[in-house]
Amino acid sequence: MASGNLHTVIDGVTYDITNFMQRHPGGSDLLMLAVDKDASQMFHSYHRNYDAVQSVLKKLPKIEGQEVENAMETDFLRDIRSRVNQYFDKTGLESRGGLWPKALFTLFLVAAVYYLHVLSGIFLFGPVLGLLMAITGLSIQHDANHGAFSKNPLVNRIFGFTDDIIGGSALMWRHQHVISHHTNPNHHVLDADTVSNFPIIRMNPNLPVRPWNRFQHIYGPCLYSLLGLMYPIGDIQGYLNGTYEHIPLHPLRIVDRVLFIVGKVLHYTLFFAVPIYVHGWYSGILHCIVPMQLVGGWFLAAVFAVSHNTEECEYNIDFIADKMDWAEMQIRTSANWSVGSTMWLLVSGGLNYQIEHHLFPGVAHIHYPEISKIIQDVCKENDIPYNSYPTYTDIFTAHVKMLKKLGHWKGDKSN
(Lines give C-alpha, C1' and ligand atoms only; values in the text may rest on other atoms or scores of the structure.)
Protein backbone atom coordinates (compact mmCIF):
# COMPACT_ATOMS: atom_id res chain seq x y z
CA MET A 1 0.00 0.00 0.00
CA ALA A 2 1.19 3.49 -0.82
CA SER A 3 2.41 5.33 2.26
CA GLY A 4 0.04 8.06 3.40
CA ASN A 5 -2.86 6.91 1.24
CA LEU A 6 -6.31 6.33 2.69
CA HIS A 7 -7.83 2.86 2.48
CA THR A 8 -11.03 1.09 3.39
CA VAL A 9 -12.39 -2.43 3.09
CA ILE A 10 -15.77 -3.14 1.50
CA ASP A 11 -17.00 -6.70 0.98
CA GLY A 12 -13.52 -8.20 1.30
CA VAL A 13 -11.76 -5.78 -1.06
CA THR A 14 -9.36 -3.04 0.07
CA TYR A 15 -9.83 0.19 -1.88
CA ASP A 16 -7.69 3.32 -2.14
CA ILE A 17 -10.11 6.19 -1.42
CA THR A 18 -7.51 8.97 -1.24
CA ASN A 19 -8.49 10.72 -4.47
CA PHE A 20 -12.19 9.96 -3.97
CA MET A 21 -12.30 11.69 -0.58
CA GLN A 22 -13.25 15.14 -1.92
CA ARG A 23 -15.51 13.73 -4.64
CA HIS A 24 -17.62 11.58 -2.33
CA PRO A 25 -21.24 12.81 -2.73
CA GLY A 26 -21.83 12.43 1.01
CA GLY A 27 -18.76 14.49 1.86
CA SER A 28 -15.37 13.71 3.31
CA ASP A 29 -16.54 13.82 6.94
CA LEU A 30 -18.58 10.65 6.49
CA LEU A 31 -16.10 8.91 4.21
CA MET A 32 -13.31 9.47 6.73
CA LEU A 33 -15.20 7.15 9.08
CA ALA A 34 -14.40 4.31 6.68
CA VAL A 35 -10.62 4.84 6.70
CA ASP A 36 -8.64 1.84 7.97
CA LYS A 37 -11.87 -0.02 8.75
CA ASP A 38 -14.14 -2.62 7.24
CA ALA A 39 -16.88 -0.25 6.15
CA SER A 40 -19.15 -2.84 4.54
CA GLN A 41 -22.09 -2.26 6.89
CA MET A 42 -21.93 1.51 6.59
CA PHE A 43 -21.63 1.23 2.81
CA HIS A 44 -24.69 -0.97 2.42
CA SER A 45 -26.86 0.84 4.98
CA TYR A 46 -26.26 4.33 3.60
CA HIS A 47 -26.80 3.63 -0.09
CA ARG A 48 -30.37 2.79 -1.01
CA ASN A 49 -29.59 3.00 -4.76
CA TYR A 50 -27.29 0.01 -4.55
CA ASP A 51 -26.69 -0.58 -8.28
CA ALA A 52 -25.67 3.04 -8.84
CA VAL A 53 -23.07 3.07 -6.05
CA GLN A 54 -21.73 -0.32 -7.15
CA SER A 55 -20.78 1.24 -10.49
CA VAL A 56 -18.87 3.97 -8.64
CA LEU A 57 -17.18 1.46 -6.35
CA LYS A 58 -15.85 -0.50 -9.30
CA LYS A 59 -13.98 2.57 -10.50
CA LEU A 60 -11.98 2.96 -7.27
CA PRO A 61 -8.41 1.60 -7.23
CA LYS A 62 -8.28 -1.89 -5.71
CA ILE A 63 -5.35 -2.69 -3.46
CA GLU A 64 -5.99 -6.31 -2.52
CA GLY A 65 -8.64 -8.87 -1.70
CA GLN A 66 -11.34 -10.84 -3.43
CA GLU A 67 -14.90 -9.55 -3.42
CA VAL A 68 -17.32 -11.61 -1.32
CA GLU A 69 -21.09 -11.50 -1.19
CA ASN A 70 -22.24 -9.24 1.61
CA ALA A 71 -24.58 -10.85 4.14
CA MET A 72 -26.66 -7.67 4.28
CA GLU A 73 -27.79 -7.94 0.68
CA THR A 74 -30.84 -10.14 1.17
CA ASP A 75 -34.21 -10.33 -0.56
CA PHE A 76 -35.80 -8.75 2.51
CA LEU A 77 -33.57 -5.66 2.43
CA ARG A 78 -33.84 -5.41 -1.35
CA ASP A 79 -37.63 -5.47 -1.06
CA ILE A 80 -37.59 -2.67 1.52
CA ARG A 81 -35.19 -0.61 -0.58
CA SER A 82 -37.24 -1.14 -3.72
CA ARG A 83 -40.45 0.04 -2.09
CA VAL A 84 -38.80 3.07 -0.51
CA ASN A 85 -37.12 3.95 -3.82
CA GLN A 86 -40.53 3.75 -5.48
CA TYR A 87 -41.83 6.26 -2.93
CA PHE A 88 -39.10 8.75 -3.84
CA ASP A 89 -39.50 8.09 -7.58
CA LYS A 90 -43.25 8.57 -7.38
CA THR A 91 -43.16 11.75 -5.30
CA GLY A 92 -40.09 13.23 -6.97
CA LEU A 93 -38.78 14.22 -3.55
CA GLU A 94 -35.12 14.29 -2.57
CA SER A 95 -34.20 11.92 0.24
CA ARG A 96 -31.85 14.52 1.75
CA GLY A 97 -32.67 18.12 2.61
CA GLY A 98 -35.90 19.96 3.24
CA LEU A 99 -34.97 20.87 6.82
CA TRP A 100 -33.91 24.50 6.40
CA PRO A 101 -37.09 26.23 7.67
CA LYS A 102 -37.30 24.21 10.87
CA ALA A 103 -33.56 24.45 11.53
CA LEU A 104 -33.37 28.22 11.08
CA PHE A 105 -36.47 28.77 13.20
CA THR A 106 -35.06 26.56 15.96
CA LEU A 107 -31.70 28.34 15.94
CA PHE A 108 -33.49 31.71 16.02
CA LEU A 109 -35.37 30.57 19.12
CA VAL A 110 -32.10 29.39 20.71
CA ALA A 111 -30.51 32.80 20.12
CA ALA A 112 -33.56 34.71 21.35
CA VAL A 113 -33.98 32.65 24.51
CA TYR A 114 -30.22 32.79 25.14
CA TYR A 115 -30.48 36.59 25.12
CA LEU A 116 -33.44 36.56 27.50
CA HIS A 117 -31.97 34.01 29.90
CA VAL A 118 -28.20 34.58 29.88
CA LEU A 119 -27.82 38.22 28.90
CA SER A 120 -31.04 39.70 30.30
CA GLY A 121 -31.18 37.56 33.42
CA ILE A 122 -34.78 36.38 33.04
CA PHE A 123 -33.97 33.04 34.61
CA LEU A 124 -37.41 31.53 33.99
CA PHE A 125 -36.17 30.93 30.44
CA GLY A 126 -33.37 28.63 31.64
CA PRO A 127 -35.30 25.36 31.23
CA VAL A 128 -36.61 26.59 27.87
CA LEU A 129 -33.07 27.22 26.64
CA GLY A 130 -32.05 23.76 27.80
CA LEU A 131 -34.93 22.21 25.87
CA LEU A 132 -34.07 24.16 22.73
CA MET A 133 -30.43 23.09 22.96
CA ALA A 134 -31.56 19.47 23.22
CA ILE A 135 -33.92 19.91 20.26
CA THR A 136 -31.01 21.34 18.27
CA GLY A 137 -29.06 18.17 18.99
CA LEU A 138 -31.96 15.88 18.18
CA SER A 139 -33.38 17.54 15.07
CA ILE A 140 -30.54 19.51 13.43
CA GLN A 141 -27.09 18.10 14.14
CA HIS A 142 -28.40 14.52 14.05
CA ASP A 143 -29.51 14.75 10.41
CA ALA A 144 -26.49 16.87 9.48
CA ASN A 145 -23.91 14.45 10.87
CA HIS A 146 -25.72 11.57 9.17
CA GLY A 147 -25.36 13.48 5.89
CA ALA A 148 -29.15 13.83 5.59
CA PHE A 149 -29.64 17.54 6.28
CA SER A 150 -28.50 18.55 2.79
CA LYS A 151 -27.00 17.18 -0.41
CA ASN A 152 -24.21 19.71 0.11
CA PRO A 153 -21.50 18.29 2.42
CA LEU A 154 -20.43 21.79 3.51
CA VAL A 155 -23.96 22.59 4.66
CA ASN A 156 -24.02 19.32 6.61
CA ARG A 157 -20.72 20.25 8.25
CA ILE A 158 -21.98 23.72 9.20
CA PHE A 159 -25.22 22.48 10.75
CA GLY A 160 -23.44 19.47 12.23
CA PHE A 161 -21.24 21.94 14.10
CA THR A 162 -24.28 22.93 16.15
CA ASP A 163 -23.53 19.77 18.13
CA ASP A 164 -20.20 21.29 19.20
CA ILE A 165 -21.83 24.55 20.22
CA ILE A 166 -24.41 22.90 22.48
CA GLY A 167 -21.73 20.78 24.17
CA GLY A 168 -21.18 17.68 22.04
CA SER A 169 -18.74 17.08 19.22
CA ALA A 170 -19.62 16.27 15.63
CA LEU A 171 -16.32 14.40 15.31
CA MET A 172 -16.86 12.20 18.36
CA TRP A 173 -20.58 11.78 17.70
CA ARG A 174 -19.96 10.36 14.23
CA HIS A 175 -17.64 7.74 15.72
CA GLN A 176 -20.02 6.90 18.56
CA HIS A 177 -23.24 6.94 16.59
CA VAL A 178 -22.55 6.19 12.94
CA ILE A 179 -19.79 3.60 13.40
CA SER A 180 -20.63 2.00 16.72
CA HIS A 181 -24.34 2.32 17.42
CA HIS A 182 -25.91 2.03 13.98
CA THR A 183 -23.92 -0.99 12.91
CA ASN A 184 -24.31 -2.87 16.20
CA PRO A 185 -27.46 -1.69 18.05
CA ASN A 186 -27.94 -3.17 21.53
CA HIS A 187 -24.72 -5.18 21.43
CA HIS A 188 -23.04 -5.46 24.82
CA VAL A 189 -19.52 -5.00 23.39
CA LEU A 190 -19.83 -3.14 20.09
CA ASP A 191 -22.59 -0.58 20.74
CA ALA A 192 -21.09 2.43 22.54
CA ASP A 193 -24.56 3.62 23.57
CA THR A 194 -25.03 0.38 25.46
CA VAL A 195 -21.72 0.32 27.32
CA SER A 196 -20.94 4.02 27.86
CA ASN A 197 -23.04 4.34 31.04
CA PHE A 198 -21.97 1.03 32.58
CA PRO A 199 -21.55 0.16 35.43
CA ILE A 200 -23.66 3.04 36.77
CA ILE A 201 -26.56 2.08 34.50
CA ARG A 202 -26.79 -1.42 33.04
CA MET A 203 -28.41 -1.22 29.60
CA ASN A 204 -27.76 -4.78 28.43
CA PRO A 205 -28.52 -8.23 29.88
CA ASN A 206 -25.07 -9.53 28.92
CA LEU A 207 -23.22 -6.97 31.02
CA PRO A 208 -22.27 -7.91 34.60
CA VAL A 209 -24.79 -7.05 37.30
CA ARG A 210 -23.65 -4.65 40.00
CA PRO A 211 -25.47 -4.45 43.37
CA TRP A 212 -26.68 -0.90 42.79
CA ASN A 213 -28.18 -1.75 39.40
CA ARG A 214 -31.28 -3.11 41.15
CA PHE A 215 -32.16 0.52 41.93
CA GLN A 216 -31.30 1.95 38.51
CA HIS A 217 -34.95 2.33 37.51
CA ILE A 218 -35.14 4.88 40.34
CA TYR A 219 -31.87 6.78 40.03
CA GLY A 220 -31.21 6.19 36.31
CA PRO A 221 -33.79 8.60 34.87
CA CYS A 222 -32.63 11.22 37.40
CA LEU A 223 -29.02 10.87 36.24
CA TYR A 224 -30.11 11.50 32.66
CA SER A 225 -30.12 15.18 33.59
CA LEU A 226 -26.31 15.12 33.87
CA LEU A 227 -25.81 14.22 30.20
CA GLY A 228 -25.20 17.80 29.08
CA LEU A 229 -22.47 18.26 31.67
CA MET A 230 -20.78 14.90 31.04
CA TYR A 231 -20.77 14.87 27.25
CA PRO A 232 -18.07 17.55 26.78
CA ILE A 233 -15.83 15.87 29.35
CA GLY A 234 -16.15 12.49 27.63
CA ASP A 235 -15.46 14.08 24.25
CA ILE A 236 -12.27 15.74 25.48
CA GLN A 237 -11.09 12.51 27.06
CA GLY A 238 -11.79 10.57 23.87
CA TYR A 239 -10.08 13.19 21.72
CA LEU A 240 -6.93 13.07 23.86
CA ASN A 241 -6.95 9.25 23.92
CA GLY A 242 -7.61 8.94 20.20
CA THR A 243 -10.64 6.67 20.73
CA TYR A 244 -14.33 6.78 21.50
CA GLU A 245 -14.94 3.80 23.79
CA HIS A 246 -13.57 0.92 21.64
CA ILE A 247 -13.62 2.87 18.35
CA PRO A 248 -10.26 4.31 17.24
CA LEU A 249 -10.62 7.80 15.78
CA HIS A 250 -9.93 8.08 12.08
CA PRO A 251 -6.77 9.97 11.09
CA LEU A 252 -7.53 13.50 12.24
CA ARG A 253 -7.28 16.27 9.69
CA ILE A 254 -6.56 19.91 10.51
CA VAL A 255 -10.26 20.72 10.03
CA ASP A 256 -11.21 18.01 12.55
CA ARG A 257 -8.86 19.40 15.18
CA VAL A 258 -9.81 23.03 14.59
CA LEU A 259 -13.55 22.38 14.74
CA PHE A 260 -13.21 20.26 17.86
CA ILE A 261 -11.15 22.84 19.76
CA VAL A 262 -13.16 25.85 18.55
CA GLY A 263 -16.38 24.06 19.39
CA LYS A 264 -15.32 23.36 22.96
CA VAL A 265 -14.12 26.94 23.44
CA LEU A 266 -17.41 28.32 22.10
CA HIS A 267 -19.51 26.01 24.25
CA TYR A 268 -17.73 26.73 27.51
CA THR A 269 -17.60 30.44 26.71
CA LEU A 270 -21.26 30.83 25.78
CA PHE A 271 -22.81 28.53 28.36
CA PHE A 272 -20.42 28.79 31.31
CA ALA A 273 -18.06 31.79 31.16
CA VAL A 274 -20.60 34.36 29.95
CA PRO A 275 -23.30 33.47 32.54
CA ILE A 276 -20.72 33.68 35.34
CA TYR A 277 -19.26 36.93 33.97
CA VAL A 278 -22.70 38.59 33.62
CA HIS A 279 -24.34 37.32 36.81
CA GLY A 280 -21.46 36.39 39.10
CA TRP A 281 -20.48 32.99 40.41
CA TYR A 282 -23.55 32.33 42.57
CA SER A 283 -26.36 33.37 40.21
CA GLY A 284 -24.39 32.46 37.13
CA ILE A 285 -24.09 28.84 38.25
CA LEU A 286 -27.20 28.29 40.36
CA HIS A 287 -29.77 30.35 38.47
CA CYS A 288 -28.38 30.33 34.94
CA ILE A 289 -26.26 27.26 34.22
CA VAL A 290 -27.82 24.56 36.40
CA PRO A 291 -31.49 24.80 35.22
CA MET A 292 -30.43 25.01 31.59
CA GLN A 293 -28.06 22.04 31.78
CA LEU A 294 -30.23 19.76 33.91
CA VAL A 295 -33.42 20.21 31.91
CA GLY A 296 -31.69 20.04 28.54
CA GLY A 297 -29.59 17.05 29.51
CA TRP A 298 -32.59 15.15 30.86
CA PHE A 299 -34.72 15.78 27.79
CA LEU A 300 -31.96 14.78 25.40
CA ALA A 301 -31.15 11.55 27.23
CA ALA A 302 -34.77 10.66 27.93
CA VAL A 303 -35.66 10.94 24.25
CA PHE A 304 -32.93 8.77 22.78
CA ALA A 305 -32.63 6.22 25.61
CA VAL A 306 -36.14 4.85 25.21
CA SER A 307 -35.95 3.69 21.61
CA HIS A 308 -33.77 0.61 22.18
CA ASN A 309 -34.46 -0.28 25.78
CA THR A 310 -37.92 -1.75 26.26
CA GLU A 311 -38.98 -5.37 26.71
CA GLU A 312 -39.99 -5.58 23.06
CA CYS A 313 -36.49 -4.71 21.87
CA GLU A 314 -34.01 -7.53 21.40
CA TYR A 315 -30.37 -7.52 22.48
CA ASN A 316 -26.99 -8.86 21.38
CA ILE A 317 -27.89 -10.02 17.90
CA ASP A 318 -24.97 -10.85 15.64
CA PHE A 319 -26.82 -10.90 12.33
CA ILE A 320 -24.09 -12.93 10.62
CA ALA A 321 -23.48 -15.51 13.35
CA ASP A 322 -27.18 -15.72 14.19
CA LYS A 323 -28.08 -15.95 10.49
CA MET A 324 -30.57 -13.12 10.84
CA ASP A 325 -31.26 -10.56 8.16
CA TRP A 326 -29.48 -7.24 8.84
CA ALA A 327 -32.65 -5.24 8.27
CA GLU A 328 -34.58 -7.57 10.57
CA MET A 329 -31.94 -7.04 13.25
CA GLN A 330 -32.38 -3.27 13.00
CA ILE A 331 -36.15 -3.65 13.32
CA ARG A 332 -36.07 -6.07 16.24
CA THR A 333 -33.64 -3.94 18.28
CA SER A 334 -35.62 -0.71 17.88
CA ALA A 335 -38.97 0.70 18.97
CA ASN A 336 -41.06 3.60 17.69
CA TRP A 337 -43.39 5.90 19.59
CA SER A 338 -45.97 8.57 18.82
CA VAL A 339 -46.06 7.51 15.17
CA GLY A 340 -48.21 10.06 13.37
CA SER A 341 -47.35 12.94 15.72
CA THR A 342 -46.01 15.91 13.78
CA MET A 343 -44.92 17.58 17.00
CA TRP A 344 -42.74 14.66 18.07
CA LEU A 345 -41.42 14.20 14.52
CA LEU A 346 -40.12 17.77 14.49
CA VAL A 347 -38.95 17.94 18.10
CA SER A 348 -37.19 14.56 18.18
CA GLY A 349 -35.79 14.83 14.69
CA GLY A 350 -37.61 11.68 13.68
CA LEU A 351 -36.22 9.57 16.52
CA ASN A 352 -39.80 8.56 17.30
CA TYR A 353 -39.44 6.64 14.02
CA GLN A 354 -36.39 4.78 15.28
CA ILE A 355 -36.95 1.72 13.08
CA GLU A 356 -37.07 3.76 9.90
CA HIS A 357 -34.06 5.79 10.98
CA HIS A 358 -31.96 2.66 11.52
CA LEU A 359 -32.92 1.27 8.15
CA PHE A 360 -32.30 4.56 6.31
CA PRO A 361 -29.91 6.73 8.39
CA GLY A 362 -29.00 8.87 5.39
CA VAL A 363 -32.59 9.92 4.69
CA ALA A 364 -33.97 13.17 6.17
CA HIS A 365 -36.39 12.52 9.01
CA ILE A 366 -39.28 14.36 7.34
CA HIS A 367 -39.77 11.27 5.15
CA TYR A 368 -40.06 8.77 7.99
CA PRO A 369 -43.87 8.96 8.38
CA GLU A 370 -44.38 7.74 4.81
CA ILE A 371 -41.54 5.24 4.97
CA SER A 372 -43.01 3.82 8.20
CA LYS A 373 -46.14 2.78 6.30
CA ILE A 374 -43.94 0.80 3.94
CA ILE A 375 -41.97 -0.84 6.76
CA GLN A 376 -45.14 -1.79 8.63
CA ASP A 377 -46.48 -3.52 5.51
CA VAL A 378 -43.21 -5.39 4.96
CA CYS A 379 -43.05 -6.48 8.60
CA LYS A 380 -46.62 -7.74 8.49
CA GLU A 381 -45.97 -9.69 5.30
CA ASN A 382 -42.85 -11.32 6.79
CA ASP A 383 -44.25 -11.90 10.30
CA ILE A 384 -41.66 -9.61 11.92
CA PRO A 385 -42.71 -7.55 14.96
CA TYR A 386 -42.96 -3.80 14.41
CA ASN A 387 -42.38 -2.40 17.88
CA SER A 388 -44.34 0.81 18.38
CA TYR A 389 -45.88 2.61 21.35
CA PRO A 390 -48.88 4.94 21.06
CA THR A 391 -47.31 7.81 23.03
CA TYR A 392 -44.02 8.93 24.50
CA THR A 393 -45.45 8.36 27.97
CA ASP A 394 -46.08 4.73 27.06
CA ILE A 395 -42.55 4.07 25.82
CA PHE A 396 -40.94 5.95 28.71
CA THR A 397 -42.95 3.87 31.17
CA ALA A 398 -41.86 0.72 29.33
CA HIS A 399 -38.28 1.97 29.41
CA VAL A 400 -38.32 2.45 33.19
CA LYS A 401 -39.74 -1.06 33.58
CA MET A 402 -36.92 -2.37 31.41
CA LEU A 403 -34.34 -0.55 33.53
CA LYS A 404 -35.78 -2.33 36.54
CA LYS A 405 -35.57 -5.68 34.76
CA LEU A 406 -32.03 -5.02 33.56
CA GLY A 407 -31.07 -4.29 37.16
CA HIS A 408 -31.07 -8.01 37.86
CA TRP A 409 -31.91 -9.93 34.67
CA LYS A 410 -29.14 -12.02 33.13
CA GLY A 411 -30.26 -12.64 29.59
CA ASP A 412 -28.84 -14.80 26.86
CA LYS A 413 -28.71 -13.79 23.20
CA SER A 414 -31.96 -11.84 23.22
CA ASN A 415 -35.02 -11.32 25.34
- State whether Lys401 and Glu311 are salt-bridged, where the test is any N-O pair (Lys NZ or Arg NE/NH1/NH2 against Asp/Glu carboxylate O) under 4.0 Å. no
- Between His24 and Phe20, is the gap from one ring center to the other below 6.0 Å? yes
- Item | Polar side-chain atom of Asn387 near backbone of Ser334 as donor-acceptor pair, under 3.5 Å | yes
- According to the interplanar angle, ranging from 0 to 90°, do the rings of Phe271 and His267 count as parallel (below 30°), tilted (30 to 60°) or perpendicular (above 60°)? tilted
- Summary of ring-ring contact (aromatic ring centres under 6.0 Å, His included) pairs that have at least one residue in residues 282-301, sequence neighbours excluded: Phe123-His287, Tyr282-His287, Trp298-Phe396
- Task: Could you tell me the separation between the CD atom of Glu356 and the OG atom of Ser372, rounded to the nearest 0.5 Å?
- Result: 5.0 Å
- Query: If you measure from CE on Met329 to CH2 on Trp326, what distance do you get to the nearest 0.5 Å?
  - Reply: 6.5 Å
- Item | Spacing of Arg210 atom CZ and Phe215 atom CZ [to the nearest 0.5 Å] | 16.0 Å
- Message: Tell me whether Asp79 is salt-bridged to Arg83, with the criterion being a basic N under 4.0 Å from an acidic carboxylate O.
- Response: yes
- Message: Using the side-chain hydrogen bond (donor to acceptor under 3.5 Å, both in side chains) definition, which of the options Asp191, Asp193, Asp235 pairs with Gln176?
- Response: Asp193
- Message: Tell me if a side-chain donor or acceptor on Arg157 pairs with a main-chain N or O of Gly160 at a distance below 3.5 Å.
- Response: no
- Item | Cation over ring face, Lys264 and Phe260, 6.0 Å, 45° | yes
- Query: With side chains defined as the heavy atoms from C-beta onward, is the minimum distance between His367 and Phe88 less than 4.5 Å?
  - Reply: yes
- Message: Please determine whether salt bridge (charged side-chain N to carboxylate O under 4.0 Å, His left out) holds for the pair Lys380 and Asp377, giving the CA-CA distance in whole Å, both sets of side-chain angles, and the decisive distance to 0.1 Å.
- Response: CA-CA 5 Å; Lys380 186 176 181 180; Asp377 288 342; over 6 Å; no
- Centres of the His308 and His358 rings: under 6.0 Å? yes
- Query: Is Arg332 salt-bridged to Asp325, cutoff N-O under 4.0 Å?
  - Reply: no
- Item | Side-chain donor/acceptor of Tyr386 to backbone N/O of Ile355, under 3.5 Å | no
In a table with atom names and distances, give each donor-acceptor pair under 3.5 Å that connects a side chain of residues 104-112 to protein atoms at least two apart or in another chain.
from	atom 1	to	atom 2	distance (Å)
Thr106	OG1	Lys102	O	2.8

- Counting distance only, does the side-chain N/O of Glu328 pair as donor-acceptor with the main-chain N or O of Ile384 below 3.5 Å? no
